Amino acid sequence: MSAWIVLFASLSYLALLFLLAWLAERGTIPLSVARHPITYTLSLGVYATSWSYYGSVGLAQGGGFLYLTIYLGLTVAMAMTPVLLQPILRLVRDYQLSSLADLFAFRYRKNRVGAWVTAAMLLGSIPYLSLQIRAATQSVQMLTADIALDTLAAAFCIVLTIFAVLFGARHLTPRDQHEGLVVAIAFESAVKLLALLSVGAFAIYGVFGGYGGMEQWLEKTPEALDALYEPVQEGPWLSLMVLSFCAAFLLPRQFHMMFTENHSSRSLRIASWAFPLYLLLLNLPIIPILWAGQNIAPGMSADLYVMAVSLAAENPWLSLFALIGGMSAASAMMIVATLSLSSMVLNHWLAPAGMTAPQAQDNFYRALLWSKRVSIFFIILCAYGFYLVIEDNAGLAQMGLISFVAVAQLLPGMIGLLFWQRANSDGFLLGLVGGFAMWFVILIVPLLVNSDILNQQIDLRAIFGGEGSDIWTVATFWTLTVNSLLMILGSYATRASAEETEAAELCIHQAARPLTGTVLALSPHQFTQQLEQVMGPSAAEKEVRSALAEMQLDWQESRPTELRLLRERIELNLSGLLGPTLARLIVNDRLQLHVETHAALSDSFKRLEMRLENSRNRLRGAERELDEMRRYHRDVLQELPIGVCSLDTNGTIVIWNITMTSISGIPSAAALGRAVDTLEAPWGRLLNDFASTDTGHLFKQRVHRDSKTHSYNFHKSSIETSAAMPEARNGLVILVEDRTDVDLLEAELAHTERLASIGRFAAGVAHEIGNPLTGIDSLAQNLAYESDAEIVISTGDNIVKQTRRINEIVKSLLAFSRREISSEAHRSNFALHLCINEALELIKLDPATRPINLSRECSSDLFINADRQKILQMIVNLLSNACAASDAGSDVKVIAYLVEDNCIIEVTDQGAGIDTLARGSIFEPFYTTKAVGQGTGLGLSLVHSIVEEHAGRINVESTPGVGSCFRITLPKSTTEPPMENFRA
Amino acid sequence: MSQTPKTGDPRPPLDKVVILLLLAALLFASPLFDWLIRERPAWYTPFVLWAGLIAAIYAANRGDSGT
């Protein structure tokens, strides 16, 4: 086949990958597709590299069904998703960890842990990367021998570097995941599956003439089946399963796709069965291809059977498809592994070494990004170098398994990370170094021997496993045994730091210690100023702004609790950028804590709440019951119809319930975490003063708010926990009781009581005065008959007039004292206009009202249900007052009309009006503005009583010098009035 | 008063994981497996066993809502 065709097909395929990745990054391929569990599952197919694609046939040739162990071990790991993979995913997502080295550095809390894990992963991955280069280039050369192998390999490496830089190193943090990369890798997985299935189908139907033909060939060649099964009985079946179990989640590329690029635990749950299913489908054609290859090209290396069988079809499309499938397998692995390794190199080698991060520079992000890109270039360069050195001396499977044994050295550390609290960094590193030393001696030294770098022949198998033992069993057993033993010994021999113990708690029990100390920086601006010395002004500002946005805070934030949590958030975000070690170093250095300030209850409380909310679904058994109880108690506190405010020992607000918010007008989000004395006036002063006094109760404190005076009672109690509890749990609880409404009711009750007393007093006075008054009146009338003297008659008349006035007053007093609630029996439906007419007629009888122009406006169909006599009295009283206040010739008008379900009666005059001061008292009994002897001050009081009895309202509008308007609102009659009521 | 969680039991299905591990051991690392391969069954037998384990993982995951 022409080299140009191969080149064109390969470049077209890579262009298609670029296009897909670009479309996904732009959002043309929707997120629902890019983040679909099927896309995620296919992207995990990066596990199947060119080793699976080409090398599985080679492994099956020499080891029969042993090649299946590479996938069976992985299936077992996927079966353990709930207890193994989900906890890792939780840690990666919660703490923004982007690689294996980040995860180990987070748990073991030593700078060198990340660096060592990075070294180990590089050491283990370089042979594997070089394997991909070799497989890809060899397969191309099978199609066309026109291009030199090394040139081909170099070109392949350059294209992959460009792809990895463009779609894997565009963003720096795991917060910005790479949808383009995921879609491209998923597409590559689909392509390699289809390609292998196509070649497998040709092997059965093209080479054997159908499945029956293959069965017949098997019957004639029973040794083919024996060759598959015999190695299973004798070979390293279990060892390889252990290795592939480790590789399932410890290979850098697998870790990257499974955890760093994961969007939901649901995807991982689905992948736990869907991914092994994908691998099963991928492996089904391997055996038919092997047998077809044995028939077609018996002398050829079985690693090349996939290409050989596809070439036998004499169909260039199938050959090209097979080639592209193989290139997919190789390129996907190289891109993802390189990205993952470059992230480790950046976070644990370059940044701590001061090549990028510690310098204050404006182009901080760009420097990091370029460091990552350069790392990608150097990793691929190393793989190319290894490919040149180790060329042709080892089979694909052998090089793949060397990498598997290398990554398996992280298994003891991972078990310690997830399950063993005692494990510490010294033990982990000791085990890792010991395990890798064994790996090097058992697996790498023989490789170097074979490649003539070492000239002396060493039979290590004889040393470690005795005659006849398998190299993979020997390597797996010795590396893991030495590693585990050293880790156990190291962990028991040394003591973990406090930080490491805390990290162990986080990893194993998901339990966080209370936050200690307060941040010295007092505002987000000060955070920026501190960070810019390390990151440069723009990056520092961007990081602080992004953390503020995630926490929904603003730049004015000054609450110590929120600032403490902001510091935590910045550390997390920097961890996604620079790895946990460097992030911790920067934050500890630049955002220092006030170490003498003990743990604030408010900080712990809020952090605990946040953690419990986030991990609620993970609680179980008694923990879950306790959490339910906690929620119930919290809801009770929140919903209490009394204000609850709790302070910690620093005077910081820990609890601020809903009623407290409605009483103070300060929302809970603004109050929590603030020092109580910084609250808006008057609450800061009130609560702070009360908290610092010895008295437990404070009654009837008046607070002016919303143009209204409110009255509050304050109660407090100190919270003192037992000695077993930390000091941070002590504090103070303050209850605030709003008694504004109660005070109003009490005042009203007192007023009513006073009125009742006045009524009783008035009745007594009227009764006592009435009898002697009658006597005086009779005697005064008799005077006219006793004497003809003018003076005597005149005096008698005056006495009679005065006694009649006294009598009127007494009658008013009696009327006031006898007022009572109108019973239903006294109520009737009546036409209001008739009642108003009657009132006008009565008023006109008084000679004093004759110069006044009295008028009315009232529809004849306006009815109310009320005590007619009392309504009449009410209107008469109002008219009487209006006339008294009016000058001769002025107008007094009575208007009645309907507004919705209410009947409005207005009495308007053009009199002197009522001044503002008097307006508040006019309905008080005995209050009058008339001259002494001109009024009793009971008229309007009676009007007020009558209106209230009828469930109505009265209000007054008055302008001194212009006039007044008394407006009475009464409920309209709801029943049909009798006909006689319409008659005048 | 505690409320019954609506999302079902959130505990990791440890029992299911243990059963799956036992099944995997029975299928691929037990005397039964040794006996099976000594009998030289059809070439696709390991794939059938593997598919059985995958089906068991699927069944174990079907009822879980995830976290």
Side-chain angles (χ1 to χ4, degrees), chain A residues 64-65 68-69 71-73 75-76 78-84 86-87 89-90 214-215 218 222 224-226 228-230 232-233 237-238 241 264-270 272-277 279-280 283-284 287-288 291 615-621 624-629 631-632, chain B:
Chain A
F65 276 124
L68 279 186
T69 52
Y71 312 97
L72 290 177
T75 306
V76 173
M78 297 306 285
M80 292 175 70
T81 295
V83 293
L84 182 70
Q86 292 283 14
L89 179 65
R90 177 184 63 78
M214 192 173 80
E215 287 289 320
L218 257 183
L225 202 58
D226 289 341
L228 290 180
Y229 282 114
E230 262 171 23
V232 176
Q233 292 169 285
W237 180 261
L238 275 178
M241 273 183 73
S264 75
S265 59
R266 178 173 167 266
S267 295
L268 182 57
R269 196 164 52 82
I270 290 172
S272 69
W273 58 267
F275 180 41
L277 186 63
L279 293 175
L280 172 69
N283 279 285
L284 266 177
I287 301 299
W291 289 334
S615 62
R616 195 176 172 221
N617 285 333
R618 295 194 288 268
L619 298 179
R620 47 191 150 144
R624 179 138 188 125
E625 290 297 318
L626 278 172
D627 186 55
E628 293 293 342
M629 277 177 66
R631 286 165 171 277
Y632 176 68
Chain B
M1 85 195 69
S2 69
Q3 294 166 352
T4 311
K6 288 175 187 165
T7 51
D9 191 350
R11 287 176 297 178
L14 281 172
D15 46 351
K16 291 179 183 173
V17 172
V18 170
I19 290 170
L20 286 175
L21 289 179
L22 287 175
L23 179 68
L26 180 76
L27 290 180
F28 297 109
S30 69
L32 182 72
F33 178 65
D34 290 341
W35 169 80
L36 197 66
I37 56 175
R38 270 199 306 275
E39 292 298 309
R40 296 289 183 268
W43 68 273
Y44 49 78
T45 305
F47 293 98
V48 174
L49 298 181
W50 188 8
L53 181 60
I54 292 170
I57 299 173
Y58 169 76
N61 273 283
R62 205 174 41 172
D64 296 326
S65 59
T67 55

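These numbers were taken from a predicted model, which means no experiment stands behind them. What you see below is based on every heavy atom in this structure, not just the backbone, and it leaves out hydrogens, waters and symmetry mates.
Using a 4.5 Å heavy-atom cut-off against chain A, the contacting residues of residues 18-26 of chain B are B/Leu20, B/Leu21, B/Ala24. Within residues 45-55 of chain B, the residues having any heavy atom closer than 4.5 Å to a heavy atom of chain A are B/Thr45, B/Pro46, B/Phe47, B/Trp50, B/Ala51, B/Leu53, B/Ile54, listed by residue number.
Of the listed residues (A/Met78, A/Met241, A/Gln233, A/Glu230), the one with the most heavy-atom contacts under 4.5 Å to chain B is A/Gln233. Between chain B and the residues A/Leu89, A/Val76, A/Ile287, A/Leu228, the most heavy-atom pairs under 4.5 angstrom are made by A/Ile287. No other option in A/Thr69, A/Leu225, A/Leu72 has as many heavy-atom pairs under 4.5 Å with chain B as A/Leu72. In terms of heavy-atom pairs under 4.5 Å with chain B, the best-connected choice from A/Leu218, A/Ile270, A/Asn283, A/Thr81 is A/Asn283. Options A/Leu284, A/Leu238, A/Leu277, A/Val232 differ in how many heavy-atom pairs under 4.5 Å they form with chain B, and the most are formed by A/Leu284.
Atom CG of A/Leu268 and atom CZ of A/Arg266 lie 12.0 Å apart (nearest 0.5 Å). Note: A/Ser272 OG to B/Asn61 CG = 3.5 Å, rounded to the nearest 0.5 Å.
Interface remark: A/Glu215 contributes side-chain atoms only to the contact with chain B (heavy atom separation under 4.5 Å). With a 4.5 Å cut-off on non-hydrogen atoms, A/Leu280 touches chain B through its backbone and its side chain both.
Taking each heavy atom of A/Pro82 and A/Pro87 in turn, the nearest pair found is O-CD, 3.5 Å.
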Which is it for B/Leu32 and B/Leu27 under the side-chain contact (heavy atoms from CB on, under 4.5 Å) test, yes or no, and what are the steps along the way? CA-CA 7 Å; B/Leu32 182 72; B/Leu27 290 180; 5.9 Å; no

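For the side chain to side chain donor-acceptor pair (under 3.5 Å) test, no residue two or more places apart in sequence or in another chain qualifies with B/Ser30.
B/Phe28 and B/Phe33 have perpendicular rings, their planes meeting at more than 60° on a 0 to 90° scale where under 30° would count as parallel.
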Name the atoms and distances for all side-chain donor-acceptor pairs under 3.5 Å in residues 34-44 of chain B, with sequence neighbours left out.
residue: B/Arg40; atom: NE; partner: A/Asp226; partner atom: OD1; Å: 2.6
residue: B/Arg40; atom: NH1; partner: B/Ile37; partner atom: O; Å: 2.7
residue: B/Trp43; atom: NE1; partner: A/Tyr211; partner atom: OH; Å: 3.1

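Counting heavy atoms from C-beta outward, A/Gln86 and A/Arg90 have side chains that stay 4.5 Å or more apart.
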